[in-house]
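Fair warning: this is a prediction, and the values are worked out from it, not measured in the lab. Just follow the structure's listing: the first ligand is 1, and inside any ligand the first atom is 1.
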Amino acid sequence: MRRWNGWGDDTVTYPLSDAAALFLEEAVGSATPPHDATLDEVVASVPESRLPPHSLVDTDLAQRVRHARGQSLPDWIAMRSGRIPAFPDGVAYPSTDAQVRGLIDYATSVGARLIPYGGGTSVVGHVNVLPSDAPVLTVDLSRLNRLRRFDEVSHLAAFGAGILGPDLEAQLRARGFTLGHFPQSFDLSTLGGWIVTRSVGQQSLGYGRIKRLFAGGRMESPAGTLVLPLFPASAAGPDLREAVLGSEGRLGILTEATVRVTPLPECEEFRAAFFPNFEQGRAAVREIVQARVPLSMLRLSTAVETETTLAMAGHERVIRLLKRLMAVRGIGAQRCMLLLGATGTEALVRFAREEALALVRKHGGVHVGRTFGHEWRKNRFRSAYLRNSLWEAGYALDTLETATQWSNIPAMIDDIEMALRHGLEDVGERVLVFTHLSHMYPRGSSIYTTYLYRIPADGDADETLRRWHVLKTAASQAIVAIGGTITHQHGIGTDHLSYLPAEKGVLGMATLRDLCRRFDPSGVMNPGKLIDVTDNTSHGA
Ligand SMILES: Cc1cc2nc3c(=O)[nH]c(=O)nc-3n(C[C@H](O)[C@H](O)[C@H](O)COP(=O)(O)OP(=O)(O)OC[C@H]3O[C@@H](n4cnc5c(N)ncnc54)[C@H](O)[C@@H]3O)c2cc1C
């Protein structure tokens, strides 16, 4: 069964090895496991539902708890401490588009707010219930999960938008196809969630972001139904798919999405190489993407991330051997790991491998074969479970991400890492910070930073949250100051809302507000996320 206060299925664990525990102790100090509230305790705190009865609305208390929060660190702090300020008043599970339409009309007529809920894997507060005088209905889309049409000639597949990643891929694989969209949250996130948060999969270099894969669909909104046709290309004015992508449940509920699929690859491989330092690795990956070498994945870790990954992997003997081998080749403590993936026909994979490895060698990198790539592939979704073990050992972990042009990357990484590393000096705490580049473009790259700090020894949830807030604010301000986007893939939700004006400007914000009002005149859809429609000021724009 799915964990109610952490990541994933409760039968799956990813324990911390002794070596990993020691590494963390040395990095930030020994930690104290916090006390977690039980589901029963939280259920006992849920108030009575304020929603009038409806045949599709379930007011079961446990379901209301399970849909109250997503997967951000503040969400974890709330769930683990049991201090959740607001719950949905009911949860509905529509199984047809007509039922979705009916629920939007119901919410509008009873003055309720409606939160669309895909897999609930948001890490920026998208699905959270905010305290409000109006009742809140969460619409869980998990029953809109069918393959509706499949056009083998055009490579198009239409799905109910609530379908989970593994179910979508299973349906396609049975027909010899794949979507190729694999965010790390793949097991629990949905097609509709991917589209409205502009998500990015691990093999975006080959398959593209969800934006490229989304061909069209159907969205039910308070103002009516929006149908997005499947033209392969069109010059008929602005593309309305762009309004749906990134709409974060503010405009309506995407009930159906058609995606561009690809025949299953003949072969796929993941390899690793090590560079003497990050600068050389960065020069290599930039040249690889600018030369448009047809790889499906590139992921370059900083020295600290490389060291952390090796320590967490738990294969101490192999790692010792690797370090000795690297030292012989002149690669020491500043070593940085690069993972490379190639996907397609055998000829294409061979070509991509040879071209990429030649550039790796040119920049001083050493190719170490397929072992690390194979391990990465095996654990690509499982590693998310490590967060449960870290929390239970007393460590809070969060990630943040941005994207900027290549010339800005070194300064951006320095500024983000510096802001985080020194962020808790006021309370004498150290922060472990590390970064990788994983979605690369000819003109720039995403930057993905992970940070870890100790939960206070007395388990104080307010102080854990305060520490997160201090770190998140410092890093977000650094991102905006140096000209990065506030988010490359996670979206805006509540946590990035105040930084949006810096990116969109005054006219851009006014346009987005008008769009929300056009689709949702009475403010029913997911209020308080993405954009504050009542706020007409410019904020730093
Ligand atoms: C461990 C972990 C790893 C992650 N890895 C990645 C990653 O590699 N790449 C990445 O891009 N993101 C990643 N994420 C973030 C998250 O998984 C994505 O944002 C994902 O797209 C959310 O999908 P979901 O179905 O869970 O949506 P939810 O979290 O349920 O909802 C997100 C938003 O979409 C809205 N929504 C959902 N479905 C619909 C619909 N059908 N119609 C209208 N609105 C809808 C909701 O109202 C909400 O505003 C990760 C998260 C976690 C916890």
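Ligand 1 has no nitrogen or oxygen under 3.5 angstrom from a nitrogen or oxygen of Tyr117. Residue-to-ligand polar distances keep Ile115 apart from ligand 1: every N/O pair is separated by 3.5 Å or more. In terms of polar-atom proximity, defined here as any N/O pair under 3.5 Å, Ser185 does make such a contact with ligand 1. The N/O atoms of Gln71, backbone and side chain alike, include none that comes under 3.5 Å of an N/O atom in ligand 1. Considering backbone and side-chain atoms alike, Val200 places an N or O below 3.5 Å from some N or O of ligand 1. Polar contact check, Asn526 against ligand 1: a nitrogen or oxygen pair lies under 3.5 Å apart. The shortest N/O to N/O separation between Gly119 and ligand 1 falls below 3.5 Å. Looking at Ala161 next to ligand 1, no N or O pair under 3.5 Å apart turns up.
Using a 4.0 Å cut-off to heavy atoms of Ser199, the atoms of ligand 1 that qualify are 11 (O), 21 (O).
For the atom pair CG (Leu300) and CD (Glu305), the distance works out to 9.0 Å, reported to the nearest 0.5 Å.
The closest non-hydrogen atom to atom 30 (O) of ligand 1, taken over Gly118, Gly491, Gly217, Pro183, comes from Gly118.
For Val127, every heavy-atom contact with ligand 1 shorter than 4.0 Å involves the side chain, none the backbone. Heavy atoms from both the backbone and the side chain of Gln184 come within less than 4.0 Å of ligand 1. Contact annotation for Ala384 and ligand 1: only side-chain heavy atoms (C-beta onward) come within less than 4.0 Å of the ligand.
At a 4.0 Å cut-off, at least one heavy atom of Gly252 sits close enough to ligand 1 to count as contact. At least one heavy atom of Glu248 sits closer than 4.0 Å to an atom of ligand 1. Using 4.0 Å as the threshold, Gly120 has a heavy atom nearer than that to some atom of ligand 1.
Between Phe150 and Phe177, the ring planes are perpendicular. Angles over 60° get that label, and only those under 30° would be called parallel. Between His496 and Tyr499, the angle of the ring planes goes over 60°, which puts this pair in the perpendicular group of the 30/60° scheme. Relative ring orientation between His436 and Tyr448 is described as parallel, the plane-to-plane angle staying below 30° on a 0-90° scale split at 30° and 60°.
Under the ring pair (Phe, Tyr, Trp, His ring centres under 6.0 Å) criterion, the residue pairs touching residues 191-214 are His181-Trp194, with sequence neighbours excluded.
A 6.0 Å sphere centred on CZ of Arg518 holds no more than 12 heavy atoms belonging to other residues, nucleotides or ligands. The number of heavy atoms from other shown groups lying within 6.0 Å of CZ (Arg2) is above 12.
In this structure a side-chain-to-backbone donor-acceptor pair under 3.5 Å is missing from Glu268 to Ser296.
The only option from Leu512, Leu500, Leu497 that meets the side-chain contact (heavy atoms from CB on, under 4.5 Å) definition with Leu530 turns out to be Leu500.
Residues Ser383 and Gln184 come closest through the heavy atom pair OG-NE2, 3.0 Å.
For atom 36 (N) of ligand 1, the closest heavy atom belonging to the protein is Val196 CG2, 3.5 Å.
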